[in-house]
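The model shown is predicted, which means the values in this text are computed figures rather than measured ones. Hydrogens, waters and symmetry mates play no part in the numbers below; they use all other heavy atoms, side chains included. Start at 1 and go down the list; that is how both ligands and their atoms are numbered.
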Amino acid sequence: MSLQSYLVPLLALAVVYGVVRLFRRDNVPLPPGPPPDPIIGHLRLMRGPIQETTYYDWHRQYGDVVHLNILGKPIIFLNSEQAAKDLLDKKGKLYSDRPHFPAHELLGWHDILGFMPYGEEFHKTRKLFAEALSQSGVRVFQDNQLNQAHLLLKNFLASPDQFSSHVRRFASAVILEIAYGHRVETDDDPYLQLTEDINQCVAGAGEPGMAAIDFIPLLRYLPAGFPGASVVNHCKQFRPVLQNAIDIPFKDVEQKMASGSAEVSFLSMALENLYRTKNVSEKELRRLKISSFQFYAGGSETTWSTIENFMLIMLLHPDVQKKAQQEIDRVLGEGKLPDFGDRESLPYVECVLQESMRWHPALPLGVPHRVMDDDIYQGMLIPKGATIIANTRCMTMDENVYQNPRLFYPERYLPKPEGLGEPLPGSVFGFGRRICPGRYLAEASVWIVISALLAAFDISPGKDENGNTIEAKADFHVALTSRPKPFKCTILPRSKLSRDALEKL
Ligand code: HEM
């Protein structure tokens, strides 16, 4: 048979496929959503900090999958864990891309794992994380987490009013030691300043996929005073600061490895592996450099927020705090501090951890995914290129999954009849091929801190300057990560035994 005789039927097939696809696409409705304005679509709805209650209402009104369009750009909200699993988990190959984030590109973050497009480089980078942060692999970091947790307790004892900066320091110190082998000894450690710079930089760049510049890329060419364009200035100003945060620790580790004084870390181990191969390329070095930076860019603020959320929740629910303390006293004995080996013997504390992450997830809207081709889900079109938001906040408050979801009720995870037998929140670390690679490390860091705090301290409402009790309020910042607005609390050792144990640390 000649080439032509193959070509004609193949071309005909391709045309038929294209026509069927177009026809199918045109006849499939988009998911429902609130009514848009002409031309600008839902732009007005997205201005200002996004109110999670709004999304919650949309779920009730429009269902598990909601469609918005902003200046013609489709955004799909997945409001139930089932919808997110069906699409992001089961169709991972299609749904694992990230939207283009112009603000983060201006910062020089184009090749950081969290914002990287799906493809070959993604797989190579992700492999580095998977190797270092597997469920069993993260056990090697437990000594570091325990030491830092004990340091946190000592700091709480010495200056309880500064609890927020102590927690922040804990979250950064754990990650810095794991990523670079750098041990934070003092509060004026220059590496802590680097993590501060990153946090400030992230905060000013807006929510990835939700900032004005994500919808109007032209903003980058307009004067900073133009509405929505100030983010461009912020990114340009922070780019060199961020470059330092990427370069300085990397060079430090390289130098220490050359002089034989480097501590074991993610970066030193990865560099050692790399140097075993003959030709090390610039690209491979850059991959390691940006990946170790991603450790603290991804792991510091999220861990800090999760622990502070827990602390505020304990103020709001003193009965839960008491019950968890009773479990710890019963299992470990009064005045004893927990170790990782105790985790399985403290099921109620485990439920408190999971319930804290459900009741107020640190990343309420996850990190946006992007669908790489048209898809049809339950008779609705998910158009190619749409930004996909896994609406964690809605998922964790889903009345179809959790009875009375607004109630903070750790027992809900215990098997019936003692509890309600409800599932652990499966959405807080994201989905599919982009699921948080640091989740085992993160859970371990948060667990050791909350179990040690419960064992050693009573956390109760703070006092104002006149000595009156300040009533705790569930008041949170709404941004990429969500944590409480500054609040006061009283942190006191639970007993003489606890104080003695703390003073011995
Ligand atoms: C309690 C703390 C943490 C929370 C709540 C959290 C949550 C998340 C979420 C929701 C995502 C997005 C997943 C998706 O796109 O579906 C994510 C991504 C990511 N997280 Fe975490 N995370 C935490 C701690 C950490 C830690 C400790 C590390 C590093 C050591 C880390 C590294 C990353 C990275 C690299 C990504 C991007 C993954 C990718 O795009 O493929 N995270 N995290």
The answer for which part of Arg439 has a heavy atom under 4.0 Å from ligand 1 is neither
Using a strict cut-off of 4.0 Å, indicate which atoms of ligand 1 neighbour a heavy atom of Gly298. 24 (C), 25 (C), 31 (C), 42 (N)
The reported gap from CE in Met116 to CG in Asp111 (rounded to nearest 0.5 angstrom) is 6.0 Å
Of the listed options Ile307, Ile112, Ile175, Val428, closest to atom 7 (C) of ligand 1 (non-hydrogen atoms): Val428
N or O contact, His369 vs ligand 1, cut-off under 3.5 Å: yes
Tested for side-chain contact (heavy atoms from CB on, under 4.5 Å) against Arg169, the lone hit among Val174, Asp187, Leu152 is Asp187
Ionic contact status for Glu81 with Lys85, cut-off 4.0 Å: yes
Quick one: does NZ or CZ of Arg358 land under 6.0 Å from the six-membered ring centre of Tyr402, within 45 degrees of the ring axis? yes
Whether Pro437 lies under 4.0 Å from ligand 1, heavy atom: yes
NZ/NE/NH1/NH2 to OD/OE distance under 4.0 Å, Lys124 and Glu284: no
Atom 6 (C) of ligand 1 - nearest protein heavy atom and its distance: Phe429 CD2, 3.6 Å
Pull out every atom of ligand 1 sitting under 4.0 Å from any heavy atom of Gln294, numbered as shown with elements. 35 (C)
Assess Met116 for proximity to ligand 1: is some non-hydrogen atom of it under 4.0 Å away? no
Whether the side chain of Arg183 engages the backbone of Glu263 through a donor-acceptor N/O pair (distance < 3.5 Å, no angle test) should be reported. no
Between Trp109 and His104, what is the ring plane arrangement, given parallel below 30°, perpendicular above 60°, and tilted in between? tilted
Taking 4.0 angstrom as the limit and counting only heavy atoms of Phe122, give me the atoms of ligand 1 inside it, by number and element. 41 (O)
Going by the order shown, which atoms of ligand 1 are within less than 4.0 Å of some heavy atom of Phe295? 29 (C), 30 (C)
Rounded to the nearest 0.5 Å, the CG atom of Leu43 sits from the CG atom of Leu68 at a distance of 11.0 Å
Yes or no: does Phe115 have any heavy atom under 4.0 Å from an atom of ligand 1? no
Distance to 0.1 Å, residue and atom name: give those for the protein heavy atom nearest to atom 40 (O) of ligand 1. Arg98 NH2, 2.8 Å
Between Phe250 and Phe293 (judged by ring centroids, cut-off 6.0 Å), do the two rings come close enough to count as a pair? no
Between Phe129 and Phe295 (judged by ring centroids, cut-off 6.0 Å), do the two rings come close enough to count as a pair? yes
Could you identify the single nearest non-hydrogen protein atom to atom 26 (C) of ligand 1 and state the distance to 0.1 Å? Gly299 CA, 3.3 Å
For ligand 1, which atoms have a heavy atom of Arg126 less than 4.0 angstrom away? 38 (C), 39 (C), 41 (O)
Only residue of Glu301, Glu196, Glu308 satisfying salt bridge (Lys or Arg N to Asp or Glu O under 4.0 Å) with Arg168 is Glu196
Nearest candidate to atom 8 (C) of ligand 1, where distance is taken over non-hydrogen atoms, out of Ala444, Cys436, Pro364, Gly438: Cys436
Can you tell me which residue and heavy atom of the protein come closest to atom 12 (C) of ligand 1, and the distance to 0.1 Å? Val367 CG2, 3.6 Å
Note the single closest protein heavy atom to atom 37 (C) of ligand 1, along with its residue, its atom name and the distance in Å. Gly114 CA, 3.5 Å
Decide whether an N or O pair under 3.5 Å exists between Arg434 and ligand 1. yes
For ligand 1, find out whether one of its N or O atoms is nearer than 3.5 Å to an N or O atom of Thr306. no
When only distance counts, is Thr303 in polar contact with ligand 1, meaning an N/O pair under 3.5 Å? no
Is the closest basic N to carboxylate O distance between Arg439 and Glu443 below 4.0 Å? no
Just distances here: any N/O of Phe129 and N/O of ligand 1 closer than 3.5 Å? no
Using the rule given for ring pair (Phe, Tyr, Trp, His ring centres under 6.0 Å), can you reason through Phe163 versus Phe487, listing the C-alpha separation, both sets of side-chain angles and the distance that settles it, and then say yes or no? CA-CA 10 Å; Phe163 70 91; Phe487 64 98; 5.1 Å; yes
Salt-bridge contact Asp247-Lys289 (side-chain N to carboxylate O under 4.0 Å): yes
Check: of Leu113, Thr302, Asn309, Ile388, min heavy-atom distance to atom 24 (C) of ligand 1 comes from Thr302
Within reach of ligand 1, part of Met357 (heavy-atom separation under 4.0 Å): neither
